[in-house]
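What follows is one structure encoded as structure tokens, with my remarks underneath.
Chain identifiers are assigned alphabetically (A, B, ...) following the order of the sequence lines, protein sequences preceding nucleic acid strands; residue numbering begins at 1 within each chain.
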There are 2 protein chains.
Amino acid sequence: MTQVKNKTVKLKHVAEAAGVSLSTASRALSGKAVAYRISAHTEQLVLSAAAKLDFYPSQVARSFRTQKTKLLGVVLPDVSNLFFSSIAREVTTYAEENGYSVLLADSRESTEVEQKLIAQLRAREIEGLVISPVGLQKEHLEKLHATNLPVILVDRGFPSSPLITVTSDHRKAASQAMKILIAMGHRKIGVLQGIPGTLPNEERLIGIREELKRAGLPFDTSLIKGNQFSESSGYRSAKQLLNEHFDITALFALSNQIGLGALRVMTELRMKIPNEISIITFDDHPYSEFLAPAMTTVRQDVKTLGRMAAELIFKQIKTGRKPRKKVHQIPVKIVERASVFNLLTSEKE
Amino acid sequence: MTQVKNKTVKLKHVAEAAGVSLSTASRALSGKAVAYRISAHTEQLVLSAAAKLDFYPSQVARSFRTQKTKLLGVVLPDVSNLFFSSIAREVTTYAEENGYSVLLADSRESTEVEQKLIAQLRAREIEGLVISPVGLQKEHLEKLHATNLPVILVDRGFPSSPLITVTSDHRKAASQAMKILIAMGHRKIGVLQGIPGTLPNEERLIGIREELKRAGLPFDTSLIKGNQFSESSGYRSAKQLLNEHFDITALFALSNQIGLGALRVMTELRMKIPNEISIITFDDHPYSEFLAPAMTTVRQDVKTLGRMAAELIFKQIKTGRKPRKKVHQIPVKIVERASVFNLLTSEKE
DNA sequence: ACCCTTTGCACAATCGATTGTGCAAAGGGT
DNA sequence: ACCCTTTGCACAATCGATTGTGCAAAGGGT
């Protein structure tokens with residue numbers, strides 16, 4: 001359907017121009033000429049008429065008739081965060097390659113708007129949903145899942161849920177980061193957490209606890225602060241932690257935004273990293289290596305996260321079957337740079 | 001239309017359950033009870049039947065009938081770049097508030113895929129398009145514009161085109177940045193440009209030239225390198241520039257990604273910023289102030305860019321009239337930090 | 001009691017494509 | 001020459017909502 005100055009060319013016009021019926025025009029245009037024994041000659045008539053009229057079929061009429069929208073929903077808590085926008089990019093690119101379009105929505109870390117957005121997307125009859133949910137409630141998602149709408153969760157999942165999830169190996173990631181800190185002699189490590197109760201946060205805490213235990217160190221919950229994966233939460237909790245525990249030597253920030261908040265505190269307090277305080281932060285970033293000092297980070301394989309989510313959703317859309325494997329864990333990589341001080345080899349301040 | 005285990009509840013079922021006709025059910029549900037004199041009692045019957053059946057109307061059927069999709073297309077050259085993802089966020093949020101959904105597409109800086117994506121979006125009958133085009137070709141966009149589809153360009157526009165554009169005041173921005181460099185005593189300034197021929201790039205070059213002229217300095221085109229707004233282009237051109245001009249004291253990077261490439265060159269060459277080389281880069285970033293050293297940047301008001309694009313597109317969709325003003329220029333702000341060396345007050349190396 | 005207006009809803013067309021089916025004409029075999 | 005198969009297309013139903021219009025019943029005025 002091409003709109004030229006309020007006049008829309010429809011299949012009817014193509015059929016008339018080619019001197020054939022609607023059905024013949026439709027079949028010729030959708031490459032079904034052979035299957036329906038349209039002669040090569042009529043096929044050409046239709047194709048050239050369509051080309052001349054600059055016709056393209058209305059997707060909404062087609063969707064309506066075929067009951068397939070070729071629409072994929074993508075819901076993210078913050079599209080402007082590199083972590084999520086990278087996932088969005090992978091998924092949209094993959095979708096486009098498969099002839100699907102992506103409806104993108106931003107839940108702003110609110111379960112309430114998340115639910116509204118999902119309702120909107122369902123009304124639009126998306127064929128699948130890729131979502132990084134806020135992660136505190138799962139009922140609305142499990143209901144969706146039970147409905148047979150293909151749903152893939154990215155990053156934030158739920159323990160022992162039937163929902164299919166693609167996420168990093170948070171536990172191992174956190175434990176490895178802690179291992180580095182401990183190996184460098186750090187004993188009192190503040191944790192700047194994200195949203196308590198969300199899977200990434202809890203898994204990371206488990207990893208942290210495991211590593212502390214392995215080193216024979218106590219798991220002191222007063223060293224864990226924060227309630228959002230945001231810069232402001234990181235800022236507040238870093239400040240509070242440094243206030244309450246004068247002898248903290250290292251901070252572990254559980255997201256890039258939280259890390260940013262911690263950095264702000266350090267500049268305000270004129271605390272030198274790593275000499276006065278060591279930092280490791282979750283999520284690598286192009287800028288990480290150019291920070292003062294270069295930041296040691298936990299790099300999630302965001303490309304693979306996005307790509308696997310895309311692959312899983314399309315497999316499900318095509319086969320109509322849910323994958324057996326519930327949780328797909330992607331390995332992470334610690335990128336060691338210069339933000340961790342070695343308390344053992346260096347002289348202490 | 002609610003799907004529960006392959007069974008879809010349609011308006012028909014609601015009407016039957018309420019014991020009314022399709023038309024009455026439709027009108028009761030869309031709040032037209034009063035206008036069509038549906039009694040409060042029947043209205044209630046319909047509403048509770050719909051609630052009980054968990055009915056919601058099929059947007060595709062509705063779109064098909066009303067010829068309104070309530071769909072907005074957004075096309076960006078790189079969704080994962082903070083500059084663009086921030087625009088995406090503003091536009092999607094605004095769209096959602098207005099009952100519209102956003103179809104997001106990523107052109108990967110290719111005019112060819114941009115055209116394909118636009119064709120896809122048109123086939124889906126979007127009611128408006130917000131696009132940051134690649135910026136080298138405009139014919140396909142002007143054709144769209146002539147078609148009466150509301151189109152708003154963001155960031156990259158075209159000189160003397162009927163297309164409505166929201167963009168920063170690139171000329172003034174670049175000129176102010178140059179003014180700072182010149183005031184600090186820099187005379188030989190390398191420019192790491194983006195895609196030549198695109199409006200932001202050309203406007204920035206004009207601003208640069210104007211400021212040089214004002215200062216009585218020559219505009220040396222051999223000091224301008226680069227062909228993409230990407231990190232790799234920034235890397236290559238910074239390297240080349242430093243090779244060919246041993247006496248360059250400052251670099252002006254025309255995008256955040258380009259700046260990243262320049263930073264990489266400096267670490268490889270172990271050149272100290274700002275002592276050995278000064279840098280100003282376009283586009284501010286949360287990390288900019290924590291870089292080594294804190295980066296002086298040109299901060300585009302990306303929220304306003306996105307918001308104004310959203311406002312303009314919806315005004316156009318609602319009124320059906322194109323705004324008279326073609327180019328909406330948003331002021332920028334220079335954020336002075338520590339990446340520019342003052343050659344005049346400090347001793348020279 | 002009669003007529004006119006208002007109330008309260010139902011009928012049926014419609015949006016633009018896709019697709020199962022049917023039928024005439026052409027072709028082919030004996 | 002007759003019959004059967006194949007070729008090549010057209011007819012008409014259909015997807016699920018919205019909306020202009022019409023009509024019976026109720027109400028109201030004199």
Side-chain angles (χ1 to χ4, degrees), chain A residues 1-3 6-47 49-50 53 55-71 122-125 127, chain B residues 1-3 6-47 49-50 53 55-71 122-125 127:
Chain A
M1 234 182 58
T2 316
Q3 184 139 337
N6 297 330
K7 269 188 247 158
T8 289
V9 10
K10 296 179 272 182
L11 186 60
K12 189 172 67 166
H13 305 121
V14 176
E16 281 168 3
V20 300
S21 73
L22 272 174
S23 50
T24 301
S26 169
R27 295 198 249 247
L29 286 170
S30 42
K32 291 176 187 159
V34 178
Y36 282 90
R37 295 184 310 238
I38 313 283
S39 67
H41 176 243
T42 12
E43 187 185 10
Q44 264 316 309
L45 283 181
V46 173
L47 292 180
L53 296 174
F55 166 82
Y56 54 96
S58 155
Q59 260 297 336
V60 1
R62 180 181 276 172
S63 295
F64 178 55
R65 166 63 224 237
T66 62
Q67 300 294 87
K68 296 260 169 273
T69 55
K70 296 216 157 206
L71 238 33
R122 287 190 65 195
R124 293 199 178 270
E125 281 155 69
E127 293 182 34
Chain B
M1 233 183 55
T2 315
Q3 184 138 339
N6 298 331
K7 269 188 243 157
T8 289
V9 8
K10 296 178 271 182
L11 185 60
K12 188 172 69 166
H13 304 121
V14 176
E16 281 167 3
V20 299
S21 73
L22 272 174
S23 50
T24 301
S26 169
R27 297 198 245 247
L29 287 170
S30 42
K32 292 177 187 159
V34 179
Y36 283 90
R37 297 183 309 238
I38 313 286
S39 68
H41 176 244
T42 14
E43 186 185 10
Q44 264 315 309
L45 283 180
V46 174
L47 292 180
L53 295 174
F55 166 81
Y56 53 96
S58 155
Q59 261 296 336
V60 1
R62 179 180 277 173
S63 295
F64 177 54
R65 169 60 225 238
T66 62
Q67 301 293 86
K68 296 259 168 274
T69 56
K70 295 214 157 209
L71 238 33
R122 288 190 66 193
R124 292 199 177 271
E125 281 156 69
E127 294 181 33

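Formation of a donor-acceptor pair under 3.5 Å by the A:Thr66 side chain with backbone atoms of A:Arg62 is found in this model.
At the heavy-atom level, B:Val20 lies under 4.0 Å from the strands shown only through sugar-phosphate atoms.
A:Glu16 places its CD atom 12 Å from the P atom of D:dA10, with the value rounded to the nearest Å. In this structure, A:Phe64 places its CZ atom 12 Å from P of C:dG16, rounding to the nearest Å. Computed from coordinates, the B:Leu29 CG to D:dT19 P distance equals 13 Å when rounded to whole Å. Regarding B:Phe55, its CZ atom lies at a distance of 11 Å from the P atom of D:dG16, rounded to whole Å. Here the P atom of nucleotide D:dC15 and the NE2 atom of B:His13 are 11 Å apart, to the nearest Å. What separates CG of A:Leu11 from P of C:dG16 is a distance of 11 Å, to the nearest Å.
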Pairs under 3.5 angstrom, nitrogen or oxygen only, protein versus nucleotides 11-14 of chain C, please.
from   : atom 1 : to      : atom 2 : distance (Å)
C:dC11 : N4     : B:Ser23 : OG     : 2.9
C:dT14 : O2     : B:Arg65 : NH1    : 2.9

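Residues meeting the side-chain contact (heavy atoms from CB on, under 4.5 Å) test with B:Ala50, sequence neighbours left out: B:Val14, B:Leu29, B:Phe55. Qualifying side-chain hydrogen bond (donor to acceptor under 3.5 Å, both in side chains) partners for B:Glu127, counting only residues two or more places apart in sequence or in other chains: B:Tyr100. Considering only residues two or more places apart in sequence or on other chains, A:Ala18 meets the side-chain contact (heavy atoms from CB on, under 4.5 Å) condition with A:Val20, A:Leu45, A:Val46, A:Ala49. With sequence neighbours excluded, the residues satisfying side-chain contact (heavy atoms from CB on, under 4.5 Å) with A:Glu16 are A:Lys12, A:His13. In terms of the side-chain hydrogen bond (donor to acceptor under 3.5 Å, both in side chains) criterion, residue partners of B:Ser23 (sequence neighbours excluded) are, by chain and number, B:Ser21. Annotation: side-chain contact (heavy atoms from CB on, under 4.5 Å) contacts of A:Arg124 (sequence neighbours excluded): A:Leu103, B:Gln59, B:Lys70, B:Leu71, B:Ser101.
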**Message:** Dot-bracket, 5' to 3', for DNA chain D please: Watson-Crick or G-U pairs under 3.5 Å, [ ] where pairs cross earlier ones, | where the partner sits on another strand, dots elsewhere.
**Reply:** ||||||||||||||||||||||||||||||

Using residues 32-40 of chain A as the side-chain source, report each donor-acceptor pair under 3.5 Å to any protein atom, sequence neighbours left out, with the distance given to one decimal.
from    : atom 1 : to      : atom 2 : distance (Å)
A:Ser39 : OG     : A:Thr42 : N      : 3.3
A:Ser39 : OG     : A:Thr42 : OG1    : 2.5

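The shortest non-hydrogen separation linking B:Ser63 to B:Thr69 is OG-CA, 3.6 Å.
Between A:Lys32 and C:dT19 there is a side-chain N or O to OP1 or OP2 distance below 4.0 Å. For D:dT18, the OP1/OP2 oxygens have a side-chain nitrogen or oxygen of B:Ser26 closer than 4.0 Å. Side-chain N/O atoms of A:Gln67 include one lying less than 4.0 angstrom from OP1 or OP2 on D:dG16.
With distances taken from any side-chain atom of B:Arg62 to the nucleotides D:dT18, C:dA17, C:dG16, the minimum falls on D:dT18.
Once rounded to the nearest 0.5 Å, the distance linking OG of A:Ser58 with CZ of A:Phe64 reads 11.0 Å.
Across residues 34-47 of chain A, A:Tyr36, A:Arg37, A:Ile38, A:Ser39, A:Thr42 each have a non-hydrogen atom less than 4.0 Å from an atom of DNA chain D (numbered order).
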